[in-house]
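To keep things clear, I will list the structure first and then write my remarks on it.
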There are 2 protein chains.
Amino acid sequence: MAKSDAATPRERYRAQVRAEIKQHAWEQIATAGASALSLNAIAKRMGVSGPALYRYFAGRDELITELIRDAYRSLADAVHAAAVTGADPAALAHVLRDWALADPHRYFLIYGTPVPGYHAPDEITGISQEIMADLLTAWTAFEPDAPASPFAAHLADHRDWAGDHPAPPGVLRRALAFWTRLHGVLSLELAGHFTGMGFDPALLFQAELDGLVGCEG
Amino acid sequence: MAKSDAATPRERYRAQVRAEIKQHAWEQIATAGASALSLNAIAKRMGVSGPALYRYFAGRDELITELIRDAYRSLADAVHAAAVTGADPAALAHVLRDWALADPHRYFLIYGTPVPGYHAPDEITGISQEIMADLLTAWTAFEPDAPASPFAAHLADHRDWAGDHPAPPGVLRRALAFWTRLHGVLSLELAGHFTGMGFDPALLFQAELDGLVGCEG
DNA sequence: ACGAGGAGTTACAACTTCTCACGAATGCAT
DNA sequence: ATGCATTCGTGAGAAGTTGTAACTCCTCGT
């Protein structure tokens, strides 16, 4: 980040304080969830008064928006780091699972119940497409001739979300199923809906992952 | 409900006020989400003072707990109503989807980001098992000899969640995939993660539904 | 008819986000 | 180095929230 290095001292201080605020916010989210995030509590822990934080964030919404952006960025980076080493879809799936288990609240910040007044800025959709691009590339390398179902044909006709990625229809469908099915298992597991059911969520995740290869739909 | 009919006038009045409070709560949740639910606002709309509500609910948590319970009950009733007519899994899937689309916030109350201090009472797990029982019955009738994968064998060894339902291993796995896959699609759709991606969520839902039959995993 | 208990009220405490006006510290330019 | 301008942090305070406590009043059962 050359820009932040070359900035004025004031800007550097500002960026540092913003980062410190966000760090405290993450700690608070990790323990009590995003809905319990309190600017006042953050200020108290930092040893400053409440209104001081408003010099750095316009309000709670802007802070949460930034945290969501950072969470997306973190996930995209994790996926991309694995993707550039030529990881296959299964490896990417475990990167996703590990990332989610490392901080469930962070996962829910992205994929959980939407925040009431929040609307994703364009930057988010861009990051989302980055992740999807890595998924499409991995699936293209792994199973370039995935069978094309009728729904895959529909996807081929509506492939805005794939950017200009040249993945064939069958791969589009694979990547989408990868996302929705693994999210289905992960979100239920993280929300605790499997506790007390007896089976091992990790095995279910693996089974869903295995089921992604070799059947149409 | 014979009990509420035979109760004293005071108890009947009490039940009626509780129902009215919950109704206003649902309206508020439908518009702004559960996190924006305010006892004060409910009281204002009912024309009473804030603390009056504490005669009927111990606090916000108890009200939300009850709403979650009612939501589960509503879903279980919807599924069961279809199940008793001998509906196949596809029909149950559309019942689920219709129920979710009718009030996304209600769906998220059950399957979305867990409420911080909330722990499901035993009654909830009971209702959850009711739903699962209807699913298992429908799948057993539809595809009694579903193939048993290694994971299905694991499920057969850990079938607490199925109660005493005699569904074979392959059916256990089908019902579980039904739940997780459809939830994966639904929750992402309701949270708006598909908006701007171009394709039709209904077709994706249908494709995932179709994919549930005829492949192992 | 009367006593007991429930319902609703106001007042208050402890929170929350967020605005405003003020003083102090800091960096930049002269 | 001096002075100005911008920014930072503060305290006060408004408008909310949940939740408690004490008090009145009405109603219901005896």
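Proteins come first, then strands; the chains are lettered A, B, ... in the order of their sequence lines, and each starts at number 1. All figures in this text were calculated on a predicted structure; none of them were measured in a lab.
Between His193(B) and Tyr72(A), the two ring planes are tilted [angle within 30° to 60°].
The shortest distance between the side-chain N/O atoms of Tyr13(A) and the OP1/OP2 oxygens of dA25(C) is not below 4.0 Å. The shortest distance between the side-chain N/O atoms of Ser49(B) and the OP1/OP2 oxygens of dG8(C) is not below 4.0 Å. For the OP1/OP2 pair of dT17(C) and a distance below 4.0 Å, the side-chain nitrogens and oxygens of Asn40(A) include at least one atom meeting the criterion.
Residues satisfying the salt bridge (Lys or Arg N to Asp or Glu O under 4.0 Å) criterion with Asp200(B), sequence neighbours excluded, are absent altogether.
Separation of atoms NZ (Lys22(B)) and CD (Glu66(B)) is listed at 4.0 Å; rounding is to 0.5 Å.
Other residues, nucleotides and ligands contribute only 12 or fewer heavy atoms inside 6.0 Å of the CG atom of Asp122(A).
Nucleotide dG9(D) holds its P atom 10 Å from the CD atom of Glu20(A), rounded to whole Å.
If you check every strand for non-hydrogen atoms under 4.0 Å, Ser38(B) touches sugar and phosphate atoms only. At the heavy-atom level, Tyr56(A) lies under 4.0 Å from the strands shown only through sugar-phosphate atoms. The residue Leu53(A) sits apart from the nucleic acid: no heavy atom pair falls under 4.0 Å.
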Under 3.5 Å, N/O pairs linking protein and nucleotides 25-30 of chain D:
| residue | atom | partner | partner atom | Å |
| --- | --- | --- | --- | --- |
| dT27(D) | O2 | Arg10(B) | NH2 | 3.2 |

Expected rows: protein N/O vs nucleotides 19-24 of chain D N/O, under 3.5 Å:
| residue | atom | partner | partner atom | Å |
| --- | --- | --- | --- | --- |
| dG19(D) | OP2 | Tyr54(B) | OH | 3.3 |
| dG19(D) | OP2 | Arg60(B) | N | 2.6 |

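At a cut-off of 3.5 Å, with distance as the only test, no side-chain donor of His105(A) or Gln28(A) sits close to an acceptor on the other residue.
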